Asks: 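Here you go, one structure.
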Amino acid sequence: MARNELRPVIKLRSTAGYTYVTRKNRRNDPDRMTLRKHDPVAGRHVDFREER
């Protein structure tokens with residue numbers, strides 16, 4: 001099964017510098033994503049923003 005550009009791999013970076021790697025659906029989320037996830041560096045939940 002070939003990789004599709006509809007679901008690209010994106011990096012989510014926190015303000016402390018920790019990074020998560022995930023996929024997103026471009027049809028549902030055409031703009032940059034912001035997710036609230038746990039940051040092990042900060043030790044709490046913070047906003048992670050999509051980085052290109």
Side-chain angles (χ1 to χ4, degrees):
M1 191 159 125
R3 295 281 181 203
N4 192 347
E5 286 301 315
L6 182 63
R7 295 189 69 87
V9 174
I10 61 167
K11 290 181 185 176
L12 299 172
R13 184 173 300 268
S14 75
T15 55
Y18 191 75
T19 304
Y20 281 105
V21 177
T22 187
R23 293 184 174 274
K24 79 168 188 176
N25 189 330
R26 282 196 177 158
R27 286 190 186 147
N28 296 340
D29 300 311
D31 299 329
R32 290 192 182 186
M33 276 178 113
T34 301
L35 295 176
R36 191 158 173 84
K37 296 176 73 70
H38 184 266
D39 186 346
V41 176
R44 60 190 175 95
H45 281 78
V46 296
D47 286 337
F48 280 74
R49 296 180 185 255
E50 178 181 342
E51 184 181 77
R52 291 193 181 162

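This one's a predicted model, so the numbers in the text were calculated from it and none came from an experiment. Values reported hereafter were calculated over all heavy atoms of this structure, with side chains retained and with hydrogens, waters and symmetry mates removed. Index from 1, following the sequence.
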Asks: My understanding is that a hydrophobic cluster links ILVMFWY residues whose side chain heavy atoms are under 4.5 Å apart, including indirect links. Using that, what else belongs to the cluster containing Val21?
Replies: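 Val9, listed by chain and number.
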Asks: Can you tell me how far the CD1 atom of Ile10 sits from the OG1 atom of Thr19, to the nearest 0.5 Å?
Replies: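 Between atom CD1 of Ile10 and atom OG1 of Thr19 there are 11.5 Å.
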Asks: Please identify each residue that fulfils side-chain contact (heavy atoms from CB on, under 4.5 Å) with Thr15, with sequence neighbours left out.
Replies: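 Testing Thr15 for side-chain contact (heavy atoms from CB on, under 4.5 Å), a comparison that skips the adjacent residues, returns none.
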Asks: Output every pair passing salt bridge (charged side-chain N to carboxylate O under 4.0 Å, His left out) with a member in residues 5-24, not counting sequence neighbours, ordered by first then second residue.
Replies: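 Listed by first then second residue: Arg13-Glu51, Lys24-Glu50.
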Asks: Which pairs count as side-chain hydrogen bond (donor to acceptor under 3.5 Å, both in side chains) when at least one residue sits in residues 29-39, sequence neighbours excluded?
Replies: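 For residues 29-39, and leaving out neighbouring residues, the side-chain hydrogen bond (donor to acceptor under 3.5 Å, both in side chains) pairs sorted by first residue read Ser14-Asp39.
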Asks: What residues join Leu6 in its hydrophobic cluster, counting side-chain heavy atom gaps under 4.5 Å, either direct or through other members?
Replies: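 So far as hydrophobic clustering goes, Leu6 is joined with none.
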Asks: What residue pairs, at least two apart or across chains, pass ring pair (Phe, Tyr, Trp, His ring centres under 6.0 Å) with a residue in residues 6-36?
Replies: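 Output for this query lists Tyr18-Tyr20, Tyr20-Phe48.
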